[in-house]
K.L.:
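Take a look at the following structure, please.
First the proteins, then the strands, lettered A, B, ... as listed; each starts at 1.
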2 protein chains.
Amino acid sequence: MSTTESPERRGASPGPERSGKANLVDVARLARVSPATASRVLAGRSKGKAASHDRVLAAAEELGYVVNGLARSMMGVGRRSVAFVSAVMVGPTFATMAAAAEQVVTEDGHLFMLCTTHGDTERERALIESLAEQRVGTVLLVGSASTAEQDEQRVASYADSLGRVGAQLILCGRPPVAHRPDIANIDYDHTGGVRSAVEHLLGLGHRRIAYVGMTAGMSTEEQRFRGYRAGLDGGAIEIDEALLVPTENDPDAAATAIAAFLPEHPDVTAFVCHTDHIAIGAGRSLRAAGLSVPEHVSVIGFDDTPLVADLTPALTTVHAPFREVGDLAGRIAIGEPFGGSVVLPVEFIVRGSTGPAPR
Amino acid sequence: MSTTESPERRGASPGPERSGKANLVDVARLARVSPATASRVLAGRSKGKAASHDRVLAAAEELGYVVNGLARSMMGVGRRSVAFVSAVMVGPTFATMAAAAEQVVTEDGHLFMLCTTHGDTERERALIESLAEQRVGTVLLVGSASTAEQDEQRVASYADSLGRVGAQLILCGRPPVAHRPDIANIDYDHTGGVRSAVEHLLGLGHRRIAYVGMTAGMSTEEQRFRGYRAGLDGGAIEIDEALLVPTENDPDAAATAIAAFLPEHPDVTAFVCHTDHIAIGAGRSLRAAGLSVPEHVSVIGFDDTPLVADLTPALTTVHAPFREVGDLAGRIAIGEPFGGSVVLPVEFIVRGSTGPAPR
DNA sequence: TTGTATGCGTTATCAA
DNA sequence: TTGATAACGCATACAA
């Protein structure tokens with residue numbers, strides 16, 4: 001008898017259940033075979049011919065045996081897991097990306113888990129550490145990144161920690177880490193998207209174009225704002241600092257910011273917004289101020305969030321390839337070879353919230 | 001020497017990495033202490049006085065040691081995990097619930113994972129099985145459930161499987177399983193919400209009120225449709241089968257269904273929709289048909305999805321307590337005692353899409 | 001405080 | 001095909 005015979009010894013534990021009611025040895029004993037044989041049968045590594053085969057299956061059924069995946073994993077077999085790590089869970093932007101990645105990953109038989117950091121660096125660090133401890137297969141680190149140098153080093157250290165346990169790190173929707181071409185990276189063209197928006201407005205005769213949203217600190221902010229500058233440059237228009245409306249990425253905050261901005265700048269005819277969320281807040285403020293879109297002012301968002309096509313007027317925006325990013329990330333996670341870094345194109349979508357500049 | 005000395009033996013594995021580069025024994029050896037001592041120091045179960053303490057820490061640092069959480073879990077210590085299982089990931093309804101649960105669970109030091117079934121029963125079964133194998137602590141099964149009897153038995157079998165590995169099952173946003181009061185259950189008042197909607201319309205003078213969405217097959221559908229019937233009953237209005245507009249829960253499908261329905265029923269003045277998504281599709285169709293909301297027809301949704309307050313007109317809807325459900329589920333998952341079954345109230349929110357019935 | 005020995009549940013190896 | 005035995009990496013009871 002290789003193990004103790006009293007099941008009562010198993011008490012309540014603080015962590016995961018130490019064991020199920022029945023283990024492999026119990027099953028083997030009931031089936032009058034060795035644990036090795038039971039293992040083979042249960043894992044389908046047996047021809048299924050012998051009578052013992054059926055006895056094992058019956059015993060497992062009778063005992064309600066559930067294989068311990070933790071023990072299996074310790075032997076280096078079993079399913080790998082992929083973790084999707086982002087700042088927030090709510091919101092259709094990341095959800096679309098996560099859904100696409102999940103589709104690919106689970107179809108290949110792996111476990112997909114979604115974790116959030118709430119924008120808290122320490123929480124992010126602790127989470128990655130936990131995932132490494134749990135021997136995660138791949139971590140998808142998603143969304144805007146702080147552009148501070150120490151943050152870049154922190155991400156590099158994630159890659160190292162994960163690498164030590166044989167896991168890979170894939171950066172999604174954020175720029176690559178400098179001097180670390182080994183860290184896989186999938187981003188999309190934030191700058192080009194906003195630049196297209198500005199060019200569209202210039203073509204419609206707009207000259208006083210405001211930018212709504214943060215312009216520095218996070219990678220997404222800086223990349224998109226760069227598109228605004230590039231667009232203006234292309235039109236030979238000098239940037240006017242007074243036309244920058246900083247606001248958090250939230251409709252209410254944006255509405256407040258625009259409401260304060262409007263009285264001072266009656267000559268502005270267009271608002272390029274950092275996100276759809278901000279554009280929605282802007283739209284609210286504009287309407288409240290008696291300005292109609294797009295007759296008096298034009299508004300452009302970014303992301304192409306599902307419902308924005310149903311707003312009145314429908315929002316002109318930049319469609320971000322969330323689905324494509326998630327899909328590609330999922331494929332890399334399950335082993336598809338990948339060059340290291342890629343920037344996916346975005347699509348500028350003209351709807352009803354933009355029109356000719358009023359004279 | 002208790003373990004083999006050649007690290008090279010560790011090859012590539014199909015499953016999770018069999019081990020990190022360094023294990024506890026390696027650290028202990030470098031620090032010239034026993035594995036037991038190293039374990040104590042690393043787990044913070046040591047006073048931290050002796051010189052060996054520092055040597056262990058230094059050795060762990062030098063080797064890039066990452067504790068194997070799988071092995072820890074096998075000992076019955078370590079963090080528990082909570083899995084949120086729903087049909088879909090995209091969409092702000094479940095995302096809100098998931099975010100609330102995640103908040104509570106991770107704050108208590110546990111791992112939170114989100115998994116989706118894509119509405120596929122077999123996938124759901126396999127997923128729950130996987131989670132049981134991984135010794136998950138709690139499974140939150142979320143969203144509408146098939147009302148077929150075999151499906152109810154299937155859910156009961158989940159509870160049994162999970163129970164065998166010491167995990168608990170919590171049903172969220174779906175009705176309890178008959179004769180299984182041991183399965184925790186958190187639902188909200190679908191029926192009452194729709195009933196309020198109908199009563200509101202009756203009060204505004206509407207008499208020909210259509211119901212848009214499925215009416216049977218899934219629990220949410222049946223519960224909400226029951227509210228429609230109850231509301232009509234209360235107003236002493238007989239139900240007219242011709243006013244039922246079946247459609248999938250999707251704006252495009254709903255728009256198509258309504259477009260086909262309208263010409264035949266010009267006398268209908270109000271549409272009660274199974275979800276906001278459907279209401280949005282209905283709105284599109286109505287507008288396309290030259291009908292204005294709420295002057296000609298009234299529309300009511302269900303869920304109170306974030307953006308619907310920004311539509312024109314803002315959507316009258318039933319606010320579902322997603323946050324509260326998620327929060328409560330999270331608290332139960334981390335050990336808060338719970339009676340077994342609860343139905344949370346909803347809130348009927350009147351906005352711009354409903355008005356007096358035209359004469 | 002530290003070390004020794006053992007168990008956790010599984011799979012792999014190798015001999016029968 | 002089957003079985004005994006040895007890993008896997010960690011924690012802990014017990015002895016020193």
K.L.:
Could you verify whether a donor N or O on one side chain and an acceptor N or O on the other, from Arg123(A) and Thr106(B), lie under 3.5 Å apart?
P.N.:
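Side-chain D/A pair, Arg123(A) to Thr106(B): present.
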K.L.:
Is it true that His110(A) and Asp108(A) share a donor-acceptor pair across their side chains at a distance under 3.5 Å?
P.N.:
yes
K.L.:
Report the residue (Ala71(B) or Ala36(B)) whose heavy-atom-nearest nucleotide on DNA chain C is the more 5′ of the two.
P.N.:
Ala36(B)
K.L.:
Calculate the interatomic distance between Glu133(A) atom CD and dC10(D) atom P; express it in whole Å.
P.N.:
10 Å
K.L.:
Quick check: closest heavy atoms across Ala329(A) and Ile170(A), and the distance to 0.1 Å?
P.N.:
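Looking at all heavy atoms of both residues, the shortest contact is O-CD1, 3.8 Å.
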K.L.:
Looking only at side-chain atoms of Ser39(B), point me to the closest of dT10(C), dG9(D), dT12(D).
P.N.:
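Nearest to the side-chain atoms of Ser39(B), counting from C-beta on, is dT12(D).
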K.L.:
Side-chain donor-acceptor pair under 3.5 Å between Arg135(B) and Ser73(B), yes or no?
P.N.:
no
K.L.:
Has Asn23(A) got a side-chain N or O lying under 4.0 Å from the OP1 or OP2 atom of dG9(C)?
P.N.:
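The answer is yes; a side-chain N or O of Asn23(A) sits under 4.0 Å from OP1 or OP2.
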K.L.:
Nearest to the side chain of Ser34(B), heavy atoms from C-beta on, is which of dA11(D), dT4(C), dG9(C)?
P.N.:
dT4(C)
K.L.:
Take atom CG of Leu42(B) and atom P of dG9(D), then tell me their distance rounded to the nearest Å.
P.N.:
15 Å
K.L.:
Given atom CG of Leu70(B) and atom P of dG7(C), what is their separation to the nearest angstrom?
P.N.:
22 Å
K.L.:
With a 4.0 Å cut-off on N to O distance, would you call Arg164(B) and Asp160(B) a salt bridge?
P.N.:
no
K.L.:
Using only side-chain N and O atoms of Ser52(A), determine if any of them is under 4.0 Å from OP1 or OP2 of dT1(D).
P.N.:
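No, because none of the side-chain N or O atoms of Ser52(A) sits under 4.0 Å from OP1 or OP2 of dT1(D).
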K.L.:
How would you label the contact of Leu24(A) with the nucleic acid (heavy atoms, under 4.0 Å): base, sugar-phosphate, or nothing?
P.N.:
base
K.L.:
Has Thr37(A) got a side-chain N or O lying under 4.0 Å from the OP1 or OP2 atom of dG3(D)?
P.N.:
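Thr37(A) to dG3(D) OP1/OP2: side-chain N or O found under 4.0 Å.
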K.L.:
Please state how far atom CZ in Arg72(A) lies from atom P in dG9(D), giving the value in whole angstrom units.
P.N.:
18 Å
K.L.:
I need the CE-P distance between Met74(B) and dG9(C), as an integer number of Å.
P.N.:
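The answer, rounded to whole Å, is 6 Å.
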K.L.:
How long is the line joining CG of Asn68(B) and C1' of dG9(D), in whole Å?
P.N.:
6 Å
K.L.:
Does Arg40(B) contact dG3(C) through a side-chain donor or acceptor facing the base, at a distance under 3.5 Å?
P.N.:
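Check passes, donor-acceptor contact within cut-off.
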K.L.:
When the distance from CG of Asp54(A) to C1' of dT1(D) is rounded to whole Å, what number comes out?
P.N.:
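Distance, rounded to whole Å: 14 Å.
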K.L.:
Could you tell me whether the phosphate oxygens of dT12(D), OP1 or OP2, come under 4.0 Å of any side-chain nitrogen or oxygen in Arg45(B)?
P.N.:
yes
K.L.:
With the side chain of Val77(B) defined as its heavy atoms from C-beta on, choose the nearest nucleotide among dG9(C), dC10(D), dT12(D).
P.N.:
dT12(D)
K.L.:
Between Arg32(A) (CZ) and dA4(D) (P), how many Å, whole number?
P.N.:
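From Arg32(A) CZ to dA4(D) P: 15 Å.
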